[in-house]
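Please read the structure below before turning to the comments.
Just so you know, these numbers come straight off a predicted model, no measurement behind them. Labels below follow one simple rule: chain letters A, B, ... track the order of the sequence lines, proteins then strands, and each chain is numbered from 1.
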2 protein chains.
Amino acid sequence: MRQPEARTTKVLVVDDEPNICALLSATLRLINFEVRVANGGHEALTAATEFEPDLVVLDVMLPDLDGFQVAQRLRAGNRPVPVLFLTARDAVEDRISGLTVGADDYVTKPFSLEEVVLRIRAILRRSRGDSDEAEDNGLLRYADLELNEDAHEVRRGGKLVELSPTEFNLLRYLLVNAGRVVSKAQILDRVWSYDFGGDGRIVESYVYYLRKKIDRWEPPLIHTVRGVGYALRLPRGAEE
Amino acid sequence: MRQPEARTTKVLVVDDEPNICALLSATLRLINFEVRVANGGHEALTAATEFEPDLVVLDVMLPDLDGFQVAQRLRAGNRPVPVLFLTARDAVEDRISGLTVGADDYVTKPFSLEEVVLRIRAILRRSRGDSDEAEDNGLLRYADLELNEDAHEVRRGGKLVELSPTEFNLLRYLLVNAGRVVSKAQILDRVWSYDFGGDGRIVESYVYYLRKKIDRWEPPLIHTVRGVGYALRLPRGAEE
DNA sequence: AGAAAACTGAAGAAAACCTTAAGTTCCCAG
DNA sequence: CTGGGAACTTAAGGTTTTCTTCAGTTTTCT
């Protein structure tokens, strides 16, 4: 159907905080990206020329060289590399707009891993020119449940359901892992930002909200696996 | 029905400011143009003969060679290439209008990306002689909302509505992306000029104005997707 | 039955958004 | 050149929605 990629996608992660680098590189390696890490602006530039990444994840706040300047020099090179900026919520959110050009995008710190992975996938899709393929541009489906990424719409049996941002993110995560049980810890790690201090009980609350909104009338899709986590799946006829 | 284009459209971008070049080339590549960049007048001329662009985006203020002279020599060649001039707002508006002949056009700096892309599309349409195709001659429609590019008119349910330039541009952007959620940052990037320093709150104001003018009495089309952005779409259920 | 886990509902806090108003800039008419 | 108006921008208070916590209740398992 779709021809296998000739080589793995290469991502350069640039951040001065080692924790962030570790978090991102581990996550990205897990989904089969080839990852290289740089802790500063100059290091990033040299790494970029040698490594030739397909995408750069770039913190705006760097000790030696402003992230924007790094991006500028990256773009000055022969082949323009798309950039995903990481930025503090309060600080530079304003100045970001205008500097994300073309396929670029940004996420604010603290981010959730789902958010980052999602944005990365979107950027790569765009920069490859897979422009208008209706097939895989953000439409997730399971049974009669449908989540449209672009329209940010969710339907159950064709009926539109309004979800809050967090509800939406949680449902998307469940959909991506449809048929698989995900633990509350996993959900917290992926859907909530990395600095979230609370415990897993908040997941219970949001599962509750989701159920009320999308799992009320029809055969239930969200199932509790006691002591383990939650799973999105069709009810099985025979169960032990 | 519509045969695929034999080859991509080639655009030569000429400007001495690297940021502008990067901004334009990234944007144009994103919509599947083949882009070549030149930073000066002479460079532009040599690039033009070799690259054979279908269109040239040409800054008037160049260090080595006046943009008009570049255009002149370009036209002297065998095949006349349409030109989109970039010019400072205060500069010589008179001379521009005299020198943009044929399919040519111009935009003033600082421009918005929507404006540039729009003009480029218009030029290409004209220079190809796609004269009377009712399909894409600047008529956008969604539900009972109608935006006429050429006449610069907007109608809701047949009723004419007066919009200010910015309101018009914003509505056009929403219409082009009908059914999809666009974030305030995206809107700022595309609808406002690249040097705009403000933040996303101005978008809120303009959405408010738009709603008062086109979304007051009928089934609402402009929807807020909290935490994400705005979308132009029909209220619910009905999908085509 | 008792304990552990999960569910439910409510409420305060925080964030996002809406609305109005006032200040600024720019252009045109007088 | 100057006054007025339209359009743009910024500011700020009010409103709504969402996030988060928590405690009481129910379910499930041993």
Please state whether the phosphate of [N], meaning OP1 or OP2, lies under 4.0 angstrom from any side-chain nitrogen or oxygen of [X].
X	N	answer
A:T224	C:dC7	yes
A:W192	D:dC19	no
B:T166	D:dC8	yes
A:K184	C:dA6	yes
B:S164	D:dA6	no

On a plain distance test, is the side chain of A:R226 in donor-acceptor contact with the base of C:dA6 below 3.5 Å?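 Per atom types, no contact qualifies.
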Identify, residue by residue, the members of residues 199-215 of chain A with a heavy atom below 4.0 Å from DNA chain C, and return them in order of residue number, or none.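 Going residue by residue through residues 199-215 of chain A, the ones with a heavy atom under 4.0 Å of DNA chain C turn out to be A:E204, A:S205, A:Y208, A:Y209, A:R211.
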Flag side-chain contact, heavy atom, 4.5 Å: B:L118 against B:R172: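 In short, these two side chains touch, coming nearer than 4.5 Å.
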Measuring only between side-chain heavy atoms, which start at C-beta, is B:D59 closer than 4.5 Å to B:L62?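 Sidechains of B:L62 and B:D59: in contact.
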Can you tell me the distance, in whole Å, between the [atom1] atom of [X] and the [atom2] atom of [N]?
X	N	atom1	atom2	result
B:I222	C:dT19	CD1	C1'	15 Å
A:E162	C:dC17	CD	C1'	15 Å
B:L163	D:dA6	CG	P	15 Å
A:H223	C:dA6	NE2	P	16 Å
A:H152	D:dT17	NE2	P	17 Å

Measure the CD1-CG distance between A:I222 and A:L232 for me, rounded to the nearest 0.5 Å.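 The CG atom of A:L232 is 6.5 Å from CD1 of A:I222, to the nearest 0.5 Å.
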Give, for atom CG of B:L175 and atom CG of B:L139, the distance between the pair rounded to the nearest 0.5 Å.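 So the CG of B:L175 and the CG of B:L139 are separated by 10.0 Å.
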Should D:dT18 form a Watson-Crick or G-U wobble pair with both distances under 3.5 Å, which nucleotide is its partner?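 Its partner is C:dA13.
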Close aromatic pair by centroid cut-off 6.0 Å: B:F168 and B:H152: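 Ring-ring flag for B:F168/B:H152: true, centres closer than 6.0 Å.
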Just say parallel, tilted or perpendicular for the rings of B:F85 and B:F68, cut-offs at 30° and 60°.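 Aromatic pair B:F85/B:F68 classed tilted.
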For DNA chain D, which residues in residues 170-178 of chain A have a heavy atom at a distance below 4.0 Å?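 Hits under 4.0 Å, by residue number: none.
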Please check if the side chain of B:R119 supplies one atom and the backbone of B:Y106 the other of a donor-acceptor pair under 3.5 Å.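 Yes; judged by distance alone, with no hydrogens or angles, the pair exists.
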Do A:S112 and A:N169 pair up side chain to side chain, a donor and an acceptor below 3.5 Å, judged on atom types alone?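 Their side chains do not contain a donor-acceptor pair, so the 3.5 Å distance test is not met.
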As a quick check of understanding, evaluate ring-ring contact (aromatic ring centres under 6.0 Å, His included) for B:W192 and B:Y206, giving each step before the final call. CA-CA 12 Å; B:W192 267 258; B:Y206 269 90; 5.7 Å; yes
